[in-house]
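Since the structure comes first, as structure tokens, the remarks are kept for the end.
Worth saying up front: this structure is predicted, and the values here are computed from it rather than measured. Labels below follow one simple rule: chain letters A, B, ... track the order of the sequence lines, proteins then strands, and each chain is numbered from 1.
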There are 2 protein chains.
Amino acid sequence: MTTTSPQGHTELLRPDGSPVRVLVVDDEQSITELLSMALRYEGWQIRSAGDGLGAVRTARDFRPDAVVLDMMLPDMDGLSVLGRLRRDLPDVPVLFLTAKDAVEDRIAGLTAGGDDYVTKPFSLEEVVARLRGLIRRSGAADRRSDSVLVVGDLTLDEDSHEVTRGGDGIHLTATEFELLRFLMRNPRRVLSKAQILDRVWSYDFGGQANVVELYISYLRRKIDAGREPMIHTRRGAGYLIKPAA
Amino acid sequence: MTTTSPQGHTELLRPDGSPVRVLVVDDEQSITELLSMALRYEGWQIRSAGDGLGAVRTARDFRPDAVVLDMMLPDMDGLSVLGRLRRDLPDVPVLFLTAKDAVEDRIAGLTAGGDDYVTKPFSLEEVVARLRGLIRRSGAADRRSDSVLVVGDLTLDEDSHEVTRGGDGIHLTATEFELLRFLMRNPRRVLSKAQILDRVWSYDFGGQANVVELYISYLRRKIDAGREPMIHTRRGAGYLIKPAA
DNA sequence: CCCCAACCTGTGATTTCTCTGAGAAACCCT
DNA sequence: AGGGTTTCTCAGAGAAATCACAGGTTGGGG
């Protein structure tokens, strides 16, 4: 089952129609706050914990549909937390947060059970997309919602990373793909450059705000090239995407 | 009967449509957890036990369609467990886990009856593949789903390990075969290097993640050589296989 | 109708990611 | 033990992606 969220895109719901529940675990409060805010915006119900013990305790009565778990916690290591979580909630999917330069071998085995991970610093779009994927595949959401976004004759497949316009395949880079996904998840809505920067670029991006203009330019070249444009500028406000019609 | 699993590939179901049940027996908890996670992800229902007695007791009321049994248990030796299991469930197929240097001839005798074994450290793809084979042949799954994966003009036979492209036979090494099988069981899906490493390489592999790149390179040489490529790189995301069309 | 802020986009430096050759070590079969 | 095969590390070449910068363009308020 899906319904329309305050943000305008379809959201996942549990079989009984109640919102999806996500537990966020990180010791840096700025991170839990950032994530909580972003995930609530998805229409999900969020709880957070700052350490492993709190996570296990919270999970027990909150019974989340998914967990976002930092691998680096003050009191226990990520794997122990995982083990304890799994004792109470054997099927809950977990999205791990790891440091970019963290030893790769810590990652080993984490995705084996269908779990997933993102490296810090992450972009919110990436976290949300992966979480949606995990929840979708775990069956916690009752609709086997498919992974394809459609706006007009433009399609974007989140599984295969395939993008087509009018049937023609279009190759996008990773950043272009995320930007387009964000636009397509919010069709007909004006998104400011600040919003785009906050969602699509990682939270520690320190560069020039005009990367957004640049990447919009790239996208137009690939998506609107010689066709009825779908990406529109609202001067002073931001950008929006809508069907060419 | 088959249906589409959360992962997108077809899964085995019992004649009455209920999920396949598998009992996992190992004294190392990290192993039972790893296996439970991976096998649940196949859509199967999993119970685990840490010793022979627990295994026999659990089997009695769980009535699994297959058992994964470590030969090295603290309380009894593998053969006794097997004997007791067979008293309650005469036909259940068993996948033995053995140490690499275990006495081969003993195993050989065991597998004569249709059982199978893998050596530790194993790869999850291998365990899953063997289990699928056992369950398929035992008739617990109602469709004798055939053992050939097909993507475009590429075929891979899980029983005979035969691989062909456009009718031509292709010789693959064991690792190449497992990698290709994993790709073909997830066609049109981007699989990250981490996912591939977690599924195709053994759980204790501590090496460089670029073995994946290397083996993709080998596969391309053998499968895509001079033809329309089927293996594609999604830079920054992973690899996927799809029909050349 | 003019001007300026906002926006667009070409260029190229830098960084990141991927591919693959060469060779060492392990393995296997006889 | 010996030769062929397989697995894997290492490292360099090459390709692709990201981004800063800057000059050009546009649109709308005054």
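- For D:dC19, one of the phosphate oxygens OP1 or OP2 lies less than 4.0 angstrom from a side-chain nitrogen or oxygen of A:Trp201.
- With D:dC19, C:dG21, C:dC7 as the candidates, the nucleotide lying closest to the side chain of B:Arg221 is C:dG21.
- Between A:Ser217 and C:dC8 there is no side-chain polar atom (N or O) within less than 4.0 angstrom of OP1 or OP2.
- Donor-acceptor pairing under 3.5 Å, judged by distance alone, is present between the side chain of B:Tyr218 and the base of D:dC8.
- Listed candidates were D:dC8, C:dT20, C:dC8. Nearest to the side chain of B:Asn210 is C:dT20.
- For C:dC7, the OP1/OP2 oxygens have no side-chain nitrogen or oxygen of A:His232 closer than 4.0 Å.
- Contact annotation: A:Lys193 does not reach the phosphate of C:dA6 (side-chain N/O to OP1 or OP2, under 4.0 Å).
- Checking A:Arg235 against B:Arg220, the closest nucleotide of DNA chain C that is more toward the 5' end is the one next to A:Arg235.
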Chi angles and distances behind the side chain to side chain contact (heavy atoms under 4.5 Å, CB included) call for B:Leu180, B:Leu149: CA-CA 10 Å; B:Leu180 182 60; B:Leu149 296 172; over 6 Å; no
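- Relative to the side chain of A:Leu214, the nucleotides C:dT9, C:dC7, D:dT9 differ in distance, and C:dT9 lies closest.
- Proximity of B:Lys120 to B:Asp204: side-chain heavy atoms (C-beta onward) are nowhere separated by under 4.5 Å.
- Distance from the side chain of B:Thr173 is smallest to D:dT6 among C:dC19, D:dT6, D:dC21.
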